> 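Just dropping this structure here.
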Amino acid sequence: MLRFPAIFQSLGTSELPLSLSISRSNLRKSLPKLSECLVGLMNYTKLTAPSYKSLLSDHLKNQNLDQARRVFNEIPFPGVDLYTMMVIGYARMRRLDNALELFYEMPEKDAVSWNSMIKGCLDCGDLSKAKELFDGMPGKSVVSWTTIMNGFLQFGDVEMAERLFREMPVRDVAVWNSMIHGYFSNGRVEDAKKLFKVMHCKNVISWTSMIGGLDRIGRTDEALQFFREMMGSGVQPTLTTLVCVVTASAKLLRLDLGVQIHGQIVKLGYCFDEFVAASFITLYANCKQMENSYSVFNASLHKNVVVWTALLTGCGLNCQHEDALTIFRNMLKSGVLPNQSSFTSALNSCCGLEDLERGKEIQTSAVKLGFETDVFVGNSLIVLYTKCGSINDGVAIFKRIGDKNIVSWNSTIVGCAQHGCGMWALTLFNQMIRAGLEPDEITFTGLLSACSHSGMLQKARRFFEYFSQRKSVEVKLEHYACMVDVLARCGELEEAEELIKNMPVQANKTVWLTLLGACTMHCNFDVAERAAKRIEDLDPHCSAAYVLLSNLYASANRWSDVSRIREKMKQSRTVKQPGYSWVT
DNA sequence: GTAGGGTTAG
């Protein structure tokens, strides 16, 4: 029931059912009055339409869908705009059935309502319904074509998107920009670059799409090149462009560029929105300027979960783990709900502190919020548990992760290796290959380390051969160092020495120290002396080398050699570093 | 204040 203004009181009622069900006799009596009334009603709706609209909009903004629907139901003749608002509201709350029901109910539909409904289907994950509506839509606009094309790009069907792109009757700059962005999100970098090159109506969004897209796939240098080119061509960057550039600068530790942009933004009088704040916090943290990160954080107006997490992560990155955990607590206190990233960083800081107890507390909160099976949170938990001595718990977490990535597999393999569970590591590797994942440098290191800790020389040789043949993996110094370690631990000292001499990368002190350490285990004086000589060439003040060699002589009662080494050490003013240990 | 294009943290 609606309460109508005074004009309707002449009908004998101030309340009218919306269906206007009036008895026949009454109707005859009231006909002249009724016509007067209908004119009034029309005027009334016109007059009050904006207030309905703002009331509806308030409820929709506050996500009070059912409240909004009650208001909507009270509107005598809702216009296409109000219908559209409701349809969008339902779609945003993932209530696609309600949205569609209302959409079909609409007495008239314009391009906006059609396009909103198509977009709503896509947001709710129903591509085929979206396509069905698109096909049935009369008078498709360029927005309709863009929306459905974006849908196919979102769902990974690049070919269909390309077909739509070719077939659409009008292509404005937004369509081109969408296609460029879609190519990037589907890993088709070269196609994106090609399209950008041939497009004749580039605007700042086209440029920003290139900069952001290239940075996201790790071609950050190239992203900054595009930024330079854009500035050269006289296109003015927007705040979004600058956020992309700051993000890229943070990755490349280009503090100079970041600071320059910071100055520009301050000069232009932009306030630090959440995107700007988060990117600058990360830039300064990566460049080891936490004071500046804090300043940006304090200056930012809306501290959302991303801004808090950027600061928390920055602290962790700079080994300020206690501060990181304080920030995590303060974030909870201020009523911001942590997400996967916040938990990941908080857990990483627990790991940095080797504080399993606090890690478990945070894990409990993560479980309550349903993040335990998240791949990032899970990966952090694997490292935390394996580093803090609990390989079984680490493996249990690994098994629970829903969508394991390469980091999940690597962390578990490395954890097993560190715990001397060499066979587990090898089993995991086989499972990983069967699961269709491509092993990388870290997998390789983990496997060699597993072989080393479990004394599996033949297996290590096979892995070394396997990975040397794979083009996707670059064999680095650390891999040679691991292989030297396996050989040397197993007593193959000469072979280890040959490997160091013949490897294509320059050996460092650590590799030779590995060999020297193994020589003392196996009492091999010849190789030990040669290794010590190499270390001396690389670092004349390496106390570890002197100590190892001296211990080797001492173990064979060669006391004159021991005092010779001690004398040499004294002459070169080398002092043995004292050992430290700590207990929590 | 009702439709399509670029952005932040792990």
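Computed from a predicted structure; not experimentally measured. Values below: every heavy atom of this structure, side chains too, minus hydrogens, waters and symmetry copies.
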> Figure out the CZ/C1' separation between A/Phe328 and B/dG10, and round it to whole Å.
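Rounding to the nearest Å, CZ of A/Phe328 and C1' of B/dG10 are 13 Å apart.
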
> Nearest-Å distance, CE (A/Met106) to P (B/dA3)?
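Distance check: A/Met106 CE to B/dA3 P gives 13 Å.
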
> Determine, using ring centers only, whether A/Trp308 and A/Phe297 are less than 6.0 Å apart.
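They qualify: ring centres under 6.0 Å apart.
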
> Between A/Trp114 and A/Phe134, is the ring centroid distance below 6.0 Å?
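No, the ring centres sit 6.0 Å or more apart.
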
> Among B/dA9, B/dT2, B/dG5, find the nucleotide with the atom closest to the side chain of A/Ala310.
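Output: B/dA9.
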
> Can you tell me which nucleotide in B/dG4, B/dT7, B/dG10 comes closest to the side chain of A/Val243?
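Among B/dG4, B/dT7, B/dG10, the one nearest the side chain of A/Val243 is B/dT7.
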
> In terms of side-chain heavy atoms of A/Ser178, which of B/dG4, B/dG5, B/dT8 is nearest?
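The answer is B/dG5, which lies nearest to the side chain.
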
> So if I take every side-chain heavy atom of A/Thr282 and compare against B/dG6, B/dG4, B/dA9, which nucleotide ends up nearest?
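The listed nucleotide nearest to A/Thr282's side chain is B/dA9.
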
> Side-chain donor or acceptor of A/Asp172 under 3.5 Å from a matching atom on the base of B/dG4?
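Indeed, a donor on one side and an acceptor on the other fall under 3.5 Å apart.
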
> Between A/Ser206 and A/Ser209, do the side chains contain an N or O donor and an N or O acceptor separated by less than 3.5 Å?
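Their side chains do not contain a donor-acceptor pair, so the 3.5 Å distance test is not met.
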
> Contact class for A/Asp374 (heavy atom, under 4.0 Å): base, sugar-phosphate, or nothing?
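Base contact - A/Asp374 has a heavy atom under 4.0 Å of at least one base atom.
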
> Identify the residue among A/Leu325, A/Leu312, A/Ile327 that makes a side-chain contact (heavy atoms from CB on, under 4.5 Å) with A/Ser345.
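Result for side-chain contact (heavy atoms from CB on, under 4.5 Å) with A/Ser345: A/Leu312.
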
> Report, one line per pair, each donor and acceptor closer than 3.5 Å where one atom sits in a side chain of residues 191-201 of chain A; sequence neighbours left out.
| residue | atom | partner | partner atom | Å |
| --- | --- | --- | --- | --- |
| A/Asp191 | OD2 | A/Arg188 | NE | 2.6 |
| A/Asp191 | OD2 | A/Arg188 | NH2 | 3.2 |
| A/Lys193 | NZ | A/Glu222 | OE2 | 2.5 |

> Looking at B/dT8, B/dG4, B/dG6, which one has an atom nearest to any side-chain atom of A/Val204?
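Nucleotide nearest to A/Val204's side chain: B/dG6.
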
> What integer distance in Å separates A/Ile211:CD1 from B/dT8:P?
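Taking atom P of B/dT8 as the reference, CD1 of A/Ile211 is at 12 Å.
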
> Which nucleotide in the set B/dG1, B/dG10, B/dG4 lies at the smallest distance from any side-chain heavy atom of A/Lys119?
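Shortest atom-to-atom distance from the side chain points to B/dG4.
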
> Could you tell me whether A/Arg163 and A/Asp157 make a salt bridge, using a distance below 4.0 angstrom between a side-chain N and a carboxylate O?
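The answer is no: the pair does not qualify as a salt bridge.
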
> Side chains of A/Ser408 and A/Asn410: do they bring a donor and an acceptor to under 3.5 Å?
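No.
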
> Would you kindly give the CG-to-P distance between A/Asn150 and B/dA3, to the nearest whole Å?
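Between P of B/dA3 and CG of A/Asn150: 15 Å.
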
> The side chain of A/Phe376 is closest to which nucleotide in this list: B/dG10, B/dA3, B/dA9?
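Nearest to the side chain of A/Phe376 among the choices is B/dG10.
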
> Counting side-chain heavy atoms from C-beta on, which of B/dG5, B/dA3, B/dA9 comes nearest to A/Ala174?
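Nucleotide nearest to A/Ala174's side chain: B/dG5.
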
> Hey, are A/Ser144 and A/Thr147 close enough side-chain-wise for a donor-acceptor pair under 3.5 Å?
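No, because no side-chain N or O of A/Thr147 sits under 3.5 Å from a partner of the opposite role on A/Ser144.
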
> Select one nucleotide: of B/dT8, B/dA3, B/dA9, the one nearest the side-chain heavy atoms of A/Thr313.
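Of the candidates, B/dA9 comes closest.
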
> For A/Arg216, which contact category applies under a 4.0 Å heavy-atom criterion: base, sugar-phosphate, or nothing?
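Result for A/Arg216 = sugar-phosphate.
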
> Below the 4.0 Å mark, does B/dT7 have OP1 or OP2 next to a side-chain nitrogen or oxygen of A/His181?
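Checking A/His181 against B/dT7: at least one side-chain N or O falls below 4.0 Å of OP1 or OP2.
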
> Which part of the nucleic acid does A/Thr84 contact within heavy-atom distance under 4.0 Å: base, sugar-phosphate only, or nothing?
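No contact.
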
> Taking the side chain of A/Ser209 as heavy atoms from C-beta outward, which of B/dT2, B/dG10, B/dG6 is closest to it?
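Of B/dT2, B/dG10, B/dG6, B/dG6 is nearest to the side chain of A/Ser209.
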
> Do the ring centers of A/Phe272 and A/His262 come within less than 6.0 Å of each other?
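Yes, the ring centres sit under 6.0 Å apart.
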
> Just the rounded figure in Å: distance from P of B/dG5 to CE of A/Met199.
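Between P of B/dG5 and CE of A/Met199: 14 Å.
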
> With sugar-phosphate meaning primed atoms plus P, OP1 and OP2, does A/Val307 contact a base, only sugar-phosphate, or nothing at under 4.0 Å between heavy atoms?
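Here A/Val307 touches no strand at all.
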
> Does A/Asn339 make a side-chain donor-acceptor contact with the base of B/dG10, cut-off 3.5 Å?
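A donor-acceptor contact between them is absent.
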
> Under 4.0 angstrom, heavy atoms only, what part of the nucleic acid is A/Val246 near: base, sugar-phosphate, or nothing?
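Since no nucleic acid heavy atom lies under 4.0 Å of A/Val246, the category is nothing.
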
> Whole Å only: how far is the CH2 atom of A/Trp207 from the C1' atom of B/dG6?
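In whole Å, B/dG6 C1' lies 14 Å from A/Trp207 CH2.
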
> Whole-Å distance between B/dT2 P and A/His59 NE2?
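For the pair A/His59 NE2 and B/dT2 P, the rounded distance is 14 Å.
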
> With distance as the sole criterion, do the side chain of A/Asp110 and the base of B/dA3 form a donor-acceptor contact below 3.5 Å?
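Side chain to base: no pair present.
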
> Rounding to a whole Å, what distance do you find between A/Tyr83:OH and B/dG1:P?
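Going from A/Tyr83 (OH) to B/dG1 (P), I get 21 Å.
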
> Got a sec? Which of residues 223-242 of chain A come in under 4.0 Å of DNA chain B, heavy atoms?
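The answer is A/Thr238, A/Thr240, A/Thr241.
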
